[in-house]
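Note: hydrogens, waters and symmetry copies are ignored here, and every other heavy atom, side chains too, is used. Naming convention: chains lettered A, B, ... in sequence-line order (proteins, then strands); numbering from 1 in each chain.
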Amino acid sequence: MQELHNKIKSILENGSASLFIAYQKSREGKITPTFITKPEQSQKAYFGDDCKQNLAVYIHKQEVKNFGKVGIFANIYTLKSLLQIYAENQIRDDYLKVVTINPNGAIVEFANFMEIENYVNENKPAPNPEDMERVEKLSNLSREERWDYWLNELSTCIKCYACRAACPMCYCTKCTVDCNQPQWISTPSHSLGNIEWHIMRAMHLAGRCVECNECARVCPMDIPLNLLTVKLNDTANIEFGQQAGLKGELDYALSTFKVDDKENFIR
Amino acid sequence: MNYKTLNTNKLPEFFEKIKKTGKTVLAPRKKGNKTFFATFDSFDQINFDYVQTALSPKSVLFPRVEELFTYKNDDGTYSVKEPELKNEVVVFGMRPCDGVALDYLCDFFLNENPDKLLQDRKNNTTFISLACKSFDNDCFCTSVGSSPAETLGSDLCFTDMGNGSYYVEVVTDKGQKLVDAFPDLFADTKEINKVEQLAQVPVRFELKNLVPKIPTVFETNIWLDQSLACIGCGACAYVCPTCSCFDVQDECNPKAGTRLRCWDSCAFGQFTLHASGHNPREVQSNRWRNRVMHKFNYSVQNMNTISCVGCGRCIRVCPAGMSIIEHLISVEEA
Ligand code: SF4
Ligand code: SF4
Ligand code: SF4
Ligand code: SF4
């Protein structure tokens, strides 16, 4: 931890960031994000396996951007998110100082996104076995049974949009659900409105989801909605050989057009 | 107030008998690690091991989406239909703080311009609270003027006396009616001191210092410092038993339509977005300030009471670990 504190301290002191985003542990043992602006506050930072929140989400926040250059402590999913966000042209190399702890416990400071790309490819997190099992189980159901399962789960959604707010890949300044002239998606949280919202959400994350599980972690209703994007990722990978969060250059099936596309309907 | 006792092993019978009269009974049930109010088929589906439910019982009176009316256009003949609410409900197992919240919510919806739907729902519902034997770090009822012994807003208040019986405080006429319907289950008793049976929730801040202090820090950086972590979702407002903001949505075509009332939250950027594009609460810190100011200042001005009951739900649910307790303490210390 001392090494991490020193690193944050030096980053803030030498001016490569004016704000450093990390985790802290409260007196009651709760892990929360912390926003360090003064070098002497660096010892607030904490890291452990219990640091789950994907801090990449804060990169999009206006009040964070107002600080100018930002430093961020990133776990492996945050690194994947940052790389994907970079590939999607949402951040500049020179505005972000990214720090992680490698599996040997050493602090790594990245000079640029090329280095992050190399690092995540060398340290790819294994898919969550529990999620794999649940996806597999659902895939083996008949289409009707699967529909019933999701109808049942999604009917409990209260449309708090915590999943959207927590997801680093959900960064649109105006989400489709907020477009009301015309209203694309039915706003009320009745069954139809919920299904429309979740189909839209899943489609917009297909092949872009970094599988950090934030959406499911934050859902007040405990809906396992990450399974939808995990499954869609799988499809994007099989069909187009694409995996999110591993490349600094964008090559995204759902936003490219090719005259020699193998599908006829698109031509 | 009347006082009764009920054998704890008679609780299943109590519920069965209520159900036989055609009423719906909602009780705490577990889903994953969380507990929600839900209907149940058998008594063993009820979860008694919870500090607080994830969602508050406010949705029984103020559902997350509800029909205000439907209309039809039969070739130029228009007809409007308002829903008729007949379903009678008994809610079991809410906490005493939830009662206080329901009292506030009813005040909000029924005082100046009484809301008929909410009034009907209230008339049709009996709320039974179950006094707290345990609490967690996020509970702070005793800092906001109530306690696990509170009965305000409950129709009946049950306390497990640890001797195989519930001590039942009959708070309202509605509660009395429910008890009177099953005279063989309830025995008369006199007032009992229940406090020893209840959780001793520590006081975290001094409300009488805090309330006058809050408006004096309105223009400071404290809100930004507190809310940098806030990601602007609606979770805190939606789980909150006193948050009452709603959005009205019309779903219609030329032939027919429905007007719906849906929950809304001041944490959303769109909440205050004007048609011109101007947003008076432009950034998240403005929105967080509104949430705290509403609970501890605006509602004092408008309704003569704070509107936070210390249930702790917003803290438990927050994806970013925001804690209104810590924030109130930092205002107190500012
Ligand atoms: S977090 Fe859960 S309840 Fe909230 S909008 Fe997402 S799926 Fe619905
Ligand atoms: S797992 Fe959920 S929160 Fe994480 S990137 Fe995928 S959709 Fe977003
Ligand atoms: S305080 Fe927490 S729950 Fe409330 S809007 Fe902010 S992030 Fe969401
Ligand atoms: S603001 Fe939080 S603690 Fe207060 S009543 Fe609402 S959910 Fe409960």
Side-chain angles (χ1 to χ4, degrees), chain A residues 19 21 23-24 26-35 37 52-55 57-58 60-64 66-67 156-168 170 173-175 177-178 180-181 183 186-194 214-224, chain B residues 30-34 36 38 54-55 59 63-67 136-138 223-239 247-251 258 260-265 267-270 273 275 282-286 313 315-323 325-326:
Chain A
L19 169 73
I21 309 171
Y23 300 100
Q24 69 179 357
S26 76
R27 264 172 295 167
E28 288 156 2
K30 206 178 249 177
I31 310 295
T32 66
T34 182
F35 299 82
T37 51
K52 299 271 191 253
Q53 192 185 347
N54 190 337
L55 300 180
V57 73
Y58 291 113
H60 307 300
K61 193 172 170 173
Q62 187 53 52
E63 287 149 306
V64 168
N66 291 348
F67 279 88
T156 65
C157 169
I158 56 176
K159 282 206 175 166
C160 66
Y161 299 130
C163 48
R164 177 185 70 176
C167 175
C170 266
T173 38
K174 197 163 186 192
C175 174
V177 296
D178 292 335
N180 50 12
Q181 283 179 337
Q183 187 86 54
S186 178
T187 347
S189 57
H190 46 42
S191 296
L192 176 68
N194 284 355
E214 272 293 270
C215 48
R217 180 187 71 85
V218 304
C219 176
M221 305 308 290
D222 269 357
I223 302 170
Chain B
K30 226 174 170 163
K31 189 206 174 201
N33 294 324
K34 299 191 174 103
F36 298 94
L55 287 191
S59 55
R64 66 178 205 240
V65 41
E66 77 183 313
E67 215 174 275
D136 66 16
N137 282 332
D138 304 327
W223 311 103
L224 178 66
D225 293 345
Q226 291 187 349
S227 70
L228 264 176
C230 173
I231 55 175
C233 62
C236 50
Y238 288 7
V239 300
D247 180 30
V248 172
Q249 289 281 327
D250 289 333
E251 298 199 323
T258 310
L260 299 159
R261 173 160 69 192
C262 318
W263 287 352
D264 205 348
S265 164
F268 293 140
Q270 218 176 14
L273 183 62
E282 210 178 347
V283 283
Q284 206 58 37
S285 51
N286 300 158
R313 286 188 179 90
I315 310 173
R316 289 179 208 105
V317 82
C318 180
M322 299 266 290
S323 162
I325 306 179
E326 282 173 26

Point-to-point distance, once rounded to the nearest 0.5 Å, from CG of A:D178 to CZ of B:F268: 8.5 Å
Side-chain heavy-atom pair B:V65, A:K159 within 4.5 angstrom cut-off: no
Engaged part of A:F35 at the chain B interface, taking heavy atoms whose separation is under 4.5 Å: side chain
Point-to-point distance, once rounded to the nearest 0.5 Å, from OG1 of A:T187 to CG of B:D264: 9.5 Å
Side chains of A:Q62 and B:E282 in contact at under 4.5 Å (non-hydrogen atoms): no
B:C233, part contacting chain A, at a heavy-atom distance under 4.5 Å: both
Smallest separation among heavy atoms of B:G321 and A:T32, with atom names: O-CG2, 3.4 Å
Option in A:C157, A:A166, A:G193 with maximal non-hydrogen atom pairs under 4.5 Å from chain B: A:C157
B:E326 and A:K30, any side-chain heavy atoms less than 4.5 Å apart: no
Gap separating the CD atom of A:E63 from the SG atom of B:C230, nearest 0.5 angstrom: 8.5 Å
Residue pair B:L228 / A:Y58: nearest heavy atoms and the distance that separates them: O-CE2, 3.6 Å
Chain B interface, residue from A:M221, A:E214, A:H60, A:R217 that has the most non-hydrogen pairs under 4.5 Å: A:M221
Short N-O contact, A:D222 and B:K31, less than 4.0 angstrom: no
Contact origin within A:T37 toward chain B - heavy atom pairs under 4.5 Å: neither
Region of A:C219 that comes under 4.5 Å of a non-hydrogen atom in chain B: backbone
Engaged part of A:F67 at the chain B interface, taking heavy atoms whose separation is under 4.5 Å: side chain
Residue, of B:A235, B:S59, B:A54, that accumulates the most heavy atom pairs under 4.5 Å with chain A: B:A235
B:D136: side chain to side chain donor-acceptor pair (under 3.5 Å) partners, not counting sequence neighbours: B:R316
Spacing of A:R164 atom CZ and B:I231 atom CD1 [to the nearest 0.5 Å]: 10.5 Å
Within-4.5 Å side-chain heavy-atom neighbours: A:I158 and B:L55: yes
Heavy-atom proximity to chain A below 4.5 Å, by part of B:Q284: both
Heavy-atom proximity to chain A below 4.5 Å, by part of B:I325: neither
For B:A320 against A:Q53, the heavy-atom pair lying closest together: CA-OE1, 3.8 Å
Toward chain A, the part of B:L224 with a non-hydrogen atom under 4.5 Å: side chain
B:S323 versus chain A, the contacting section by heavy-atom distance below 4.5 Å: neither
